[in-house]
Every structure is written in C-alpha cells, then in structure tokens.
2 protein chains.
Amino acid sequence: MGNSQIKASGGNSSGPRYQELADILQTEVESEVYPVGTRMPTELELCNRFSVSRFTVREALRRMIDNGMILRRQGSGTVVVSKNPTTMFVQKLNTIDELLQYSHDTQLKVKSSSPIELDAETAQTIGGETGEAWHKIESIRYLDEKSPICWTDVFVRPEHRQLADRIGEDTTPVFMVIQKEFNVVAEEVTMDLFAGSMKEEKAWAMGVEPGSPTLVIVRRYKDKNGRIFEISVSEHPAGRFTFSVDLLRSSNVD
Amino acid sequence: MGNSQIKASGGNSSGPRYQELADILQTEVESEVYPVGTRMPTELELCNRFSVSRFTVREALRRMIDNGMILRRQGSGTVVVSKNPTTMFVQKLNTIDELLQYSHDTQLKVKSSSPIELDAETAQTIGGETGEAWHKIESIRYLDEKSPICWTDVFVRPEHRQLADRIGEDTTPVFMVIQKEFNVVAEEVTMDLFAGSMKEEKAWAMGVEPGSPTLVIVRRYKDKNGRIFEISVSEHPAGRFTFSVDLLRSSNVD
DNA sequence: AAATATAATTTGTCTGTACATCTTATCTTA
DNA sequence: TAAGATAAGATGTACAGACAAATTATATTT
C-alpha cells in the first residue's frame, strides 16, 4: 500500500542514498566490472541488489548520465560509454554574442565582397578544400571612427552571398543573420586561436607596421548536419583585443 | 492507497506532462508573471493549479534549473534568477588536461625558481596586486629535446613553493600537483588569450628573433573561495601552437 | 526588546504502485 | 525461410503518501 518503510533515509553515513549508489556504480565502471560497451544491470536488478526503490536507482543513474559515463534508451537498456566521468569544466555563455566577445557597440564595415575559389594557403587556414567555391567578404571592425579593432575575412556559401549587403546595417553578428534569413542553426562552433603577423596590405588599414604581431581567430559555424556554413578569420593587432574563456567546474560531478 | 489514476499519461497533445508544464512556467517567467528576483509558487501550489503530482512539478522545475532560470533552496523556496534560458553553448572537456591542450608527452623543464614581489607590469598582466608576494617558476615546455613549444612562467603562492622541485618529474600539470599536495580544488579557471611579441632574453631560448609574434595565454586557477592559487603565463611563438575551443549547442534548451 | 525555543512552511529524499512506450526476442503464418 | 504478429522485457511517465532537513515565521522567555 506504499507505506511500509519506517525511515525514509536509512542512510547511516554521509549524503543521500542515490549518491552512495552512484559512487558504487561509478567505481564499478572504473574498475571494469561493467566494461565500456557492455550493458549495465537493469533498474529492477539494481533495486533488488541494493534493496532500494526505482526512484533511488534512477536518481543514481541520472547522475551517471550527466557526467557522460552511461547512455540509456527506452526499451533497450543502459550501456557504458566511458570509464571516467567526463565534463569536468563547463563554459557557459549567457547570450549568443558572447561568442564573439566584441562589445555590442562595435561596428563592422565591409571593404569588399566577391566570390572566390580557395587557394591552397587559404584552404589550409580556414580548414576547407582547395578549389572550393565560397563568397569572401573583407571587413574591418571599429570601436569608433578612427579605432579599428580587427580585420575580418568572412567566408559564406555562394548561395548566401546576398547577405553581404546586410552586414554593418546593425550590430547583429553575421552568423545570426544567416540563421535568421536562411533558417539554419549553429549547432557547433569551433574556434582556433593562434599568433600571426600582419601582412602589408592589411597593416596600413589597421594602422600598424607590416609584420607586427596579431592574434588570429578562426571561427567555423556548423549546422546540425556538420556542414560548415560560415567561416570567419579575424586578425587583431597586439594590444587591442583579449579573448577570455571562463570555465566552471561542473556541479553535477561528485 | 496510491492507485486512483486511470491513465498515467493523460497528455492528449504532444510530449510528457512535465515538459508542457515547464514550457508554461518558462513563458510566464519570460513575460514577467514571476519577475527576476521574486519567488515562484511553491510545489504544492503548482500541484493544485495544474492538478498534477509533485513528481511532475519537480520534473518541470528540474528542467528550469538546468537552463539556469530558477534557483531552489531547501526550506526556502524557488527564486527566479534569469528571464531567458542561459547556456546556449557548452564546452565540454573530457579530461582535466584538455584545459592545457598540450599533448601528454610534452615535457616541462624548470629554468629558475625564486620568490618575488609583483612589479607593476607583471601585476597587470597576471591580474594581481602590485607588491604581492608570489613564487615564480620559469620553465620551458618541449615537444622533444630540441623543439621548445613555449616559455611558461608559473606563479604559485609562497606556501606552495616547495612543489617547484616536483615539476617536470612527470607530465602532470602544475595545478593538478597543487590539488593533490595541498588539497585545493580548481573550481574556476579563467583564460586570457592575446597577441604579444617575444622579449630578447626569452627569444634566444625559444630559437626565434626578438620581437617576433607570440600567442600569450594567461591562466588563473581559483579555489571555491575565489582565491587564485596559481597563475601561468605561456608565450607560444607563432606557428607552434594553436588553441582550439569547441562549443556545442546545449541540448536541454528547448 | 532581544535572545531563545517552538511551530509552520518548503524543498529534499524515498518507497510503492501502475500504466505507457519503446525495444527485442519469440512465435505464427504465408 | 522470410515477413509479420505477439509476447516479454526495459525504460519513461505519473500518481500518492511519508518522513528528513533546512528555512522562516511565530511564540515564549529572560
């Protein structure tokens, strides 16, 4: 009748029961009692083994899902996918344009806009195929009239070239414009950051000596099929821009 | 006796009931029925209002916790902390040393180790107070015998200076050594990346021309009290190191 | 009036039951 | 034998009840 227990938390030692259970199961996965790739016991089996209710078992397993050790599918069962708990640090972004990290009142001015086929060097840096057809938009980002922050080359798919006109109208990031206009969603964004030196033709526009140090940031935006729909290459002269990453230890890791 | 319901999922339309409920409450938070800073109704009140069990309510609220809209404290209640669901992109790190992004077989060789008081310039770059007492460890990271990757200055608290001897013994990252030896945990890691140029005294050690471009990475490790227990400043000559960030759109955002 | 004890409130943990839904194995039939 | 229907098994959703633990409000005492 659902009221046979005497004390809810019979736990004598530390925290809640499901946490104890999660710890035990976690240890067992680590020591390969349940090797990666195999199936874990069913909920009912765990209930019997530990003499707890399904709630407690599920609560324990939920924690193991959160740190990426197991994977569950309705009807099927529970499979071990990783020996050691993943996701130790998480970077949270509150708004979508924290991705770019430029203050909201910077402005992008388009210098040129033309279709290109990737040469070997460009293909290398942006991570594409040589000869691939893209549309290249050269632009400069300004803090105000006379303060250029960075030179940015934006590469978009030829079928999206018409958005070049829209850039600079407001402060909306380019990939946001694409998302809205062409109904694609950035599921994954990859960023590469490395040091470089400014080439002559860009140097004068940025007001620095040719060959002076720059922070290069390459951003690749992928849709849900893994297809890259935008690549941007930004070159920041030394002293004008700092890229910050803030990582928090994920709380749901014990 | 706990068996009065006829159908478990009375949901006529779409998904599970708790998801519907979460959607409704989410909309209400967005439209400021429950403004940020105020308290949401109690579980029991929500149970009555929607004629559902506590399970369903808690399951709905769990989702709102996950996307950072609400915050709950036992005994107290539920407070709204954000109007719009946060965490749009999440960076997952599988292992703790993915933070450093050096392949596991690189080696750190200590050049010098001495106590210092921060001068104005150093205080600025590492984000500390001028005159503060730290222990500075100068080192170089090598891929192999003759291939230096970067110059790294590590700053640790004076009380942790003895670990300087341990560095380079194995491939364990410095902050991991501190965590083990002194029982502190890195709850937050902040990284700043920017462009710089290599100073003369370091340039010859790295085998590059003085003033050549570098990628500078400043890492700050904080414990649970927000106290910084390690700072490292790494300077990578151009072409030897790329820092990559991979962001995934968080799934639990509807 | 201030400090302390008590009660009420609210979320957290836990059990038991029941049915839904998806998956997989088994059996049946063409 | 292969395709399709059936049954069994596993996880998902949902209900109701009970006690635990933390917080807050109330009453009591000094």
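Residue numbers start from 1 in every chain, and the chains themselves are labelled A, B, ... in the order their sequence lines are given, proteins ahead of strands. Computed from a predicted model, the values in this text were never measured in an experiment.
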Roughly how many Å is it from [atom1] in [X] to [atom2] in [N], rounded to a whole number?
X	N	atom1	atom2	value
B:L71	C:dT10	CG	C1'	15 Å
A:N48	D:dG9	CG	C1'	15 Å
A:M40	D:dA10	CE	P	14 Å
B:E59	C:dA20	CD	P	19 Å
B:E45	C:dT11	CD	C1'	13 Å
A:M64	D:dT11	CE	P	13 Å
A:Q19	D:dA20	CD	C1'	17 Å
A:R54	D:dA10	CZ	P	11 Å

Determine whether a donor-acceptor pair (N or O, by modelled atom type, separation under 3.5 Å) exists between the side chain of [X] and the backbone of [Y].
X	Y	result
A:Q19	A:P16	no
B:E230	B:F175	yes
A:R39	A:S76	yes
A:Q179	A:A186	yes

State, with a plain yes or no, whether a side-chain heavy atom of [X] is found less than 4.5 Å away from one of [Y].
X	Y	answer
A:Y221	A:V174	no
A:I228	A:T190	no
B:K136	B:D153	yes

* Relative orientation of the end axes in the helix from C:dA1-D:dT30 to C:dA30-D:dT1, expressed as an angle to the nearest 10° (five pairs per end) ->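 The angle, to the nearest 10 degrees, is 0°.
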* Would you name the heavy atoms of A:A60 and A:Y18 that are closest together and state the gap between them? =>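 So the two residues come closest at CB-O, 3.3 Å.
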* Sub-4.0 Å heavy-atom contacts from residues 72-81 of chain B onto DNA chain C, ordered by number ->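 Within this stretch, B:R72, B:R73, B:Q74, B:G75, B:S76, B:G77, B:T78 sit under 4.0 Å of the strand.
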* Phosphate OP1/OP2 of C:dC14: any A:Y18 side-chain N/O under 4.0 Å ->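 For C:dC14, neither OP1 nor OP2 has a side-chain N or O of A:Y18 closer than 4.0 Å.
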* To do: Name all residues meeting the salt bridge (charged side-chain N to carboxylate O under 4.0 Å, His left out) criterion together with A:R161; count only those two or more places apart in sequence or in a different chain, and write none if there are none.
  =>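 A:R161 satisfies salt bridge (charged side-chain N to carboxylate O under 4.0 Å, His left out) with no other residue.
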* In terms of the nearest nucleotide of DNA chain C, which residue is placed more toward the 5' end: B:L44 or A:S53? ->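 Per heavy-atom nearest nucleotide, the more 5' residue is B:L44.
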